[in-house]
Amino acid sequence: MTVITWKSGCSSCHLREFGLCQALKGPEEIACLESMRQPPRLFPAARAVYLQGARDVPLYNIESGWLFSYQLLADGRRQILQFLLPGDLAGLEMDGSAGMTHGLDTLTDSVLCSIPREGFQRLCDSCPVVANHMQWIRARDMALLSEHAVSLGRRTARESMANLFMELAVRSVRSVQLISGTSLRMPLTQPIIADALGLTSIHVNRVLSDLRKSRIMELKNKMLTILDMEQLTRLANSPEGFLELWGPKAQA
């Protein structure tokens, strides 16, 4: 796979306002990260960043783009585990030496910078605030996976879809202050949604049509339009405070 590389400094990166880099306050900490991370790389859409079972995978800090992690069963069936957006970290597994339990693919053109695991561990050891923030990120991601488990196991298809799109809308703009009439880029296809929610593409099509006819939300040409925020919020039924974890005030 061909990737395009260019130079970018940590001190001027837009991720300094959120994500892992939010914890880097002093110039020494920023210089430490910059000395160990690899320059950002552009991964084209619909490409694998790493495969399930891959070894010695670094941590990836997502600067731009949409990606998803997944697991494949032996017969090729796929379960999408999580969508990853700018500010998220990919590759968060123990040390990665035993092989990744999941793969990571791009949905759109995506820019990622990689951090070798050994170097990142040195940064955490020398900078407690980074280690603490990393624990907070892991806890937040665990809350996200718990929400997905509830959708797969107990929510109806209609509720699960509302919950997923509410989550992605808030995460993509990092604000819970969404209103009726808001339109957001949402680069998801029906097969991708199906693999995330454990449904068939036909069922996804029916639920999307129902949500549109009910004037709750509409997904068209990879744009999400919230038609009735109150109904969407009620249908999504997210735990209190959950969506605020991606708001501007969220921190370790």
*Yes or no on side chain to side chain donor-acceptor pair (under 3.5 Å) for Asp125 and Gln121, after CA distance, side-chain angles and deciding distance?*
CA-CA 6 Å; Asp125 292 342; Gln121 187 58 55; 2.9 Å; yes
Next on the checklist: Working note: Phe83 + Leu107, criterion side-chain contact (heavy atoms from CB on, under 4.5 Å); need CA distance, chi angles, decisive distance, verdict.
Outcome noted: CA-CA 9 Å; Phe83 292 101; Leu107 272 172; 3.9 Å; yes
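Between Ile137 and His133 there is a side-chain heavy-atom pair separated by less than 4.5 Å. The shortest distance between side-chain heavy atoms of Leu81 and His148 does not fall below 4.5 Å. With a 4.5 Å cut-off on side-chain heavy atoms, Leu178 and Ile226 count as touching. Contact annotation: the side chain of Met161 approaches that of Val204 to within less than 4.5 Å [non-hydrogen atoms, C-beta and beyond].
Taking CG from Leu67 and CG from Asp88, the interatomic distance works out to 9.0 Å, rounded to the nearest 0.5 Å. One distance of note links CD1 of Ile193 with CG of Leu199; it measures 9.5 Å at 0.5 Å rounding. Distance check, rounded to the nearest 0.5 Å: CD of Gln231 to OG of Ser180 gives 9.0 Å. How far CD1 of Ile216 is from CG of Leu208: 11.5 Å, rounded to the nearest 0.5 Å. Here Thr233 contributes atom OG1 and Met166 contributes atom CE; the two are 4.0 Å apart, rounded to the nearest 0.5 Å.
Residue pairs satisfying the salt bridge (Lys or Arg N to Asp or Glu O under 4.0 Å) criterion with at least one member in residues 150-164, sequence neighbours excluded, are listed as follows: Glu147-Arg155, Arg158-Asp210. Screening residues 212-224 for salt bridge (Lys or Arg N to Asp or Glu O under 4.0 Å), with sequence neighbours left out, gives no hits. Screening residues 188-197 for salt bridge (Lys or Arg N to Asp or Glu O under 4.0 Å) gives Arg78-Asp195 as the qualifying pairs, with residues at least two apart or on separate chains. Evaluation of the side-chain hydrogen bond (donor to acceptor under 3.5 Å, both in side chains) test over residues 68-77, restricted to residues two or more places apart or in two chains, returns Asp75-Arg77. Legend: ring-ring contact (aromatic ring centres under 6.0 Å, His included) pairs involving residues 208-243, not counting sequence neighbours, sorted by first then second residue: Phe242-Trp246.
Note on Asp56 versus Arg117: no salt bridge recorded, every NZ/NE/NH1/NH2 to OD/OE distance being 4.0 Å or above.
Listed here is the closest heavy atom pair of Pro40 and Val111: CB-CG1, 3.7 Å. Minimum heavy-atom separation, Gln82 to Leu145: OE1-CD2, 4.2 Å.
Not counting sequence neighbours, the partners of Arg234 by the salt bridge (charged side-chain N to carboxylate O under 4.0 Å, His left out) test are Glu230. Annotation: side-chain contact (heavy atoms from CB on, under 4.5 Å) contacts of Thr108 (sequence neighbours excluded): Trp66, Ser110, Arg185, Pro187. Not counting sequence neighbours, the partners of Ala162 by the side-chain contact (heavy atoms from CB on, under 4.5 Å) test are Leu232, Leu235, Ala236. Residues satisfying the side-chain contact (heavy atoms from CB on, under 4.5 Å) criterion with Asn205, sequence neighbours excluded, are Gln190. By the ring-ring contact (aromatic ring centres under 6.0 Å, His included) test, His102 pairs with Tyr50, sequence neighbours left out. For Ser114, the side-chain contact (heavy atoms from CB on, under 4.5 Å) partners are Gln38, Pro58, Tyr60, not counting sequence neighbours. Every residue two or more places apart in sequence or in another chain was checked for a ring-ring contact (aromatic ring centres under 6.0 Å, His included) with Phe120, and none qualifies.
Within a 6.0 Å sphere centred on CG of Leu73, heavy atoms belonging to other residues, nucleotides or ligands number more than 12.
Considering Val173, Leu168, Val170 in turn, Val173 is the only one that fulfils the side-chain contact (heavy atoms from CB on, under 4.5 Å) rule with Leu184.
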